[in-house]
Amino acid sequence: MLLESLPNVAVQGYDRNRRVIYWNAESTRLYGYQAEEAAGRYLEELIIPETMQAQVIQDHTAWLRVGKVIPPGRLVLQEWRGHPVPVYSYHVMLDEFTKDPVMFCVDVRLDTIEAEQ
């Protein structure tokens, strides 16, 4: 309920294999995929530009294997048509070092915020 009520905050949840297990309404607004369309699909095939995909997979794997946290920061991801989406992205891993960890990505669209300032 809390994740659905945050205005302008897109939250996606991924399993250990980077498959979508959670997709809030703001993620739909930001990236264009309905929750049903995103469910079960890989993170990198949905919102990660091709030039970043190998690094994202490597970073996610390092977090799972050795606990190397993915740092927050500005990224240019992509929406369903391939158009760029500038975001500030923060990552959280729940149940780290278990057989079923879950990673959540919290994305805030930057071009909308910057335009308001």
Worksheet item: Rounded to the nearest 0.5 Å, what separation is found between the CG atom of Leu75 and the OH atom of Tyr88?
Response: 9.5 Å
Discussion item. On a heavy-atom basis, which atom in Ala10 and which in Asn24 lie closest, and how many Å separate them?
Written reply: CA-OD1, 3.6 Å
Fill in: Note, Tyr14 side chain near Val20 side chain (heavy atom, < 4.5 Å)
yes
Discussion item. Return the CD to CD1 distance between Gln78 and Ile48, rounded to the nearest 0.5 Å.
Written reply: 8.0 Å
Worksheet entry | Val9 reachable from Val76 in the ILVMFWY side-chain graph, under 4.5 Å edges | no
Worksheet, complete the sentence: To the nearest 0.5 Å, atom CG of Asn17 lies from atom CG of Leu43 at 12.0 Å
Fill in: Side-chain heavy atoms of Met52 within contact of Leu77, under 4.5 Å
yes
Fill in: All salt bridge (Lys or Arg N to Asp or Glu O under 4.0 Å) counterparts of Arg19, not counting sequence neighbours
none
Discussion item. Quick one, Thr28 and Tyr33 - any side-chain contact, counting heavy atoms below 4.5 Å?
Written reply: no
Worksheet item: Are Leu94 and Val11 in one and the same hydrophobic cluster, where Ile, Leu, Val, Met, Phe, Trp and Tyr link if side-chain heavy atoms are under 4.5 Å apart?
Response: yes
Discussion item. Taking side-chain hydrogen bond (donor to acceptor under 3.5 Å, both in side chains) as the definition, give me every residue that meets it alongside Gln58, ordered by chain and number, with sequence neighbours left out.
Written reply: none
Fill in: Single hit among Glu44, His60, Glu45 for side chain to side chain donor-acceptor pair (under 3.5 Å) with Arg18
Glu44
Worksheet item: Considering only heavy atoms from C-beta outward, does the side chain of Leu30 approach that of Glu79 to under 4.5 Å?
Response: no
Discussion item. Counting only heavy atoms not in Arg65 (residues, nucleotides, ligands), do more than 12 fall under 6.0 Å from its CZ?
Written reply: no
Worksheet item: From Met93 CE over to Leu64 CG, what is the distance, rounded to the nearest 0.5 angstrom?
Response: 4.5 Å
Worksheet item: Would you say the side chain of Val87 lies within less than 4.5 Å of the side chain of Val108, judging by non-hydrogen atoms?
Response: no
Worksheet item: Distance from Tyr31 atom OH to Gln12 atom CD, nearest 0.5 Å?
Response: 5.0 Å
Worksheet item: Between Trp63 and Val56, is there a shared hydrophobic cluster once you connect ILVMFWY residues whose side-chain heavy atoms come closer than 4.5 Å?
Response: yes
Worksheet entry | Non-hydrogen atoms of Trp23 and Ala35 that approach each other most closely | CD1-CA, 3.6 Å
Give the table of side-chain donor-acceptor pairs shorter than 3.5 Å for residues 98-106, with sequence neighbours excluded, one pair per line with atom names and distance.
| residue | atom | partner | partner atom | Å |
| --- | --- | --- | --- | --- |
| Thr98 | OG1 | Asp95 | O | 2.6 |
| Thr98 | OG1 | Asp100 | N | 3.2 |

Worksheet item: Just by distance, do the side chain of Ser89 and the backbone of Asp107 share a donor-acceptor pair under 3.5 Å?
Response: no
Worksheet item: What about Ile70 and Tyr42, same hydrophobic cluster or not, with Ile/Leu/Val/Met/Phe/Trp/Tyr joined at side-chain heavy-atom distances under 4.5 Å?
Response: no
Worksheet item: So do Asp59 and His91 actually touch side chain to side chain, heavy atoms under 4.5 Å?
Response: no
Practice prompt. Examine Val85 and Trp80 and state if one hydrophobic cluster contains both, with Ile, Leu, Val, Met, Phe, Trp and Tyr joined whenever side-chain heavy atoms are less than 4.5 Å apart.
Written response: yes
